[in-house]
Amino acid sequence: MKRAFNNLVSLGYGAARGLRKFPFLLIPLAAAAQAEDLTIAALGDSLTQGYGLPVNEGFVPQMQAWLDAQGAGITLINAGVSGDTTAGGLARVGWTLTPDVDGMIVALGGNDFLRGVAPEVSHANLDGILQAAEGAGVGVMLVGLEVSNNYGPDYKAAFDGMYPDLAAQYGATFYPTFFEGLLTEGDMAEARAAYLQPDGLHPNAEGVVQIVAHMGPVLLEFAEGLRAGQ
């Protein structure tokens, strides 16, 4: 509604007088303005922060450009911190959930796995993040993770499974893995050669393009759900 007021002011005297004469015209104006008023924070680690890439080639800037091209009316905030764990995300979720944030992408857990953090600990941290979002009335798009068998099949099953379980528990939008868009035309070995940086962990600029193209439509659906709940 703030934007609706600003748009009305910018119409000028003659147009505003017409709106007073035909007040029903304010309804579509207000609805259109409200549809643009969405802010989504991307709470994550180096993958959302854009590690190893020029600023404009990271995940958030590329996703923002994609959203703008769709006319989505969404502002995406980069709340990614390189090296962050689910514990770090939980520690800073309170100041990420500012009053202007309508939704949150949560993409954490990779560093937990690299450090061998017990799945139940990561689960508790993610649960705390989702609880905080629920308490703030903020919808969540939870990005999952599929880890390797480094710590055995039980660890893998517990770690992989916590994401869909928590998404179902909190009614969050679930996106299976950040790298989903890299697996559409081949296996991970092929994707690693084409779309990852030399460290084998972080996407290169073209990899981010693929990730954004695949995740973008899901993010738009998530945003529509947020608008429907406003």
Keeping Glu57 on the side-chain end and Ala205 on the backbone end, is there a donor-acceptor pair under 3.5 Å? no
Can you name the nearest heavy-atom pair linking Phe178 to Leu47, along with the distance? CZ-O, 3.7 Å
From Leu67 CG over to Gln62 CD, what is the distance, rounded to the nearest 0.5 angstrom? 12.0 Å
Scanning both residues in full, the closest heavy-atom pair of Ala41 with Thr96 reads CB-CG2, 3.8 Å
Just by distance, do the side chain of Asp112 and the backbone of Thr86 share a donor-acceptor pair under 3.5 Å? yes
Shortest non-hydrogen contact between Ile40 and Ala223, atoms and distance: CD1-CB, 4.5 Å
Look at the side-chain heavy atoms of Ile, Leu, Val, Met, Phe, Trp and Tyr, link any pair under 4.5 Å apart, and say whether Phe113 and Leu43 land in one connected group. yes
With no hydrogens and no angle check, just 3.5 Å: does a side-chain donor-acceptor pair link Asp68 and Gln64? yes
Exercise: identify the closest heavy-atom pair between Gly89 and Asp84: N-OD2, 3.6 Å
Closest contact, heavy atoms only, Ala194 versus Asn204: O-ND2, 3.2 Å
Take Leu196 and Leu182 through the side-chain contact (heavy atoms from CB on, under 4.5 Å) test and state the conclusion after the steps. CA-CA 9 Å; Leu196 296 187; Leu182 304 185; 4.0 Å; yes
Once the angle between the rings of Phe159 and Tyr155 is folded into 0 to 90°, is it parallel (under 30°), tilted (30 to 60°) or perpendicular (over 60°)? parallel
ILVMFWY network linking Met104 to Leu220, side-chain heavy atoms under 4.5 angstrom: no
Does one hydrophobic cluster hold both Val218 and Leu142, with members joined at side-chain heavy-atom distances below 4.5 Å? no
Arg115 side chain to Thr85 backbone, donor-acceptor under 3.5 Å: no
With clusters defined by side-chain heavy atoms of hydrophobic residues (ILVMFWY) lying less than 4.5 Å apart, directly or transitively, does Val117 cluster with Tyr163? no
Side chain Lys156, main chain Asn149, donor-acceptor under 3.5 Å: no
Do the side chains of Ile105 and Val143 get nearer than 4.5 Å, heavy atoms only? yes
Test item: side-chain donor near acceptor, Asp100 and Thr39, under 3.5 Å: no
Atom CG of Leu90 and atom OG of Ser122: how far apart are they, to the nearest 0.5 Å? 11.5 Å
Please answer whether the main-chain N or O of His202 pairs with a side-chain N or O of Tyr195 as donor and acceptor at a distance below 3.5 Å. no
Donor-acceptor contact present, side-chain Asp160 to main-chain Val147, <3.5 Å: yes
To the closest 0.5 Å, what do you measure between CG (Leu126) and OH (Tyr170)? 10.0 Å
At their closest point, which heavy atom of Gly181 faces which heavy atom of His214, and how far apart are they? CA-CB, 3.5 Å
Less than 4.0 angstrom from a charged side-chain N to a carboxylate O is my criterion; do Arg227 and Asp102 meet it? no
Any donor and acceptor pair, going by atom type alone, linking the side chain of Gln197 with main-chain N or O of Tyr51 inside 3.5 Å? yes
Heavy-atom neighbours of Phe174 CZ exceed 12 at 6.0 Å: yes
CG (Leu219) and CD (Gln70) are apart, to the nearest 0.5 Å, by 10.5 Å
How many angstroms lie between atom CZ of Arg92 and atom CG of Leu97, to the nearest 0.5 angstrom? 11.0 Å
Report yes or no: does Asp127 contribute a side-chain atom to a donor-acceptor pair with the main-chain N or O of Leu130 at less than 3.5 Å? no
Does Phe222 have its ring centroid less than 6.0 Å away from the ring centroid of Tyr175? no
Are Trp66 and Val209 linked, directly or through intermediate hydrophobic residues, by side-chain heavy-atom contacts shorter than 4.5 Å (ILVMFWY only)? no
Distance from Asp45 atom CG to Leu114 atom CG, nearest 0.5 Å? 9.0 Å
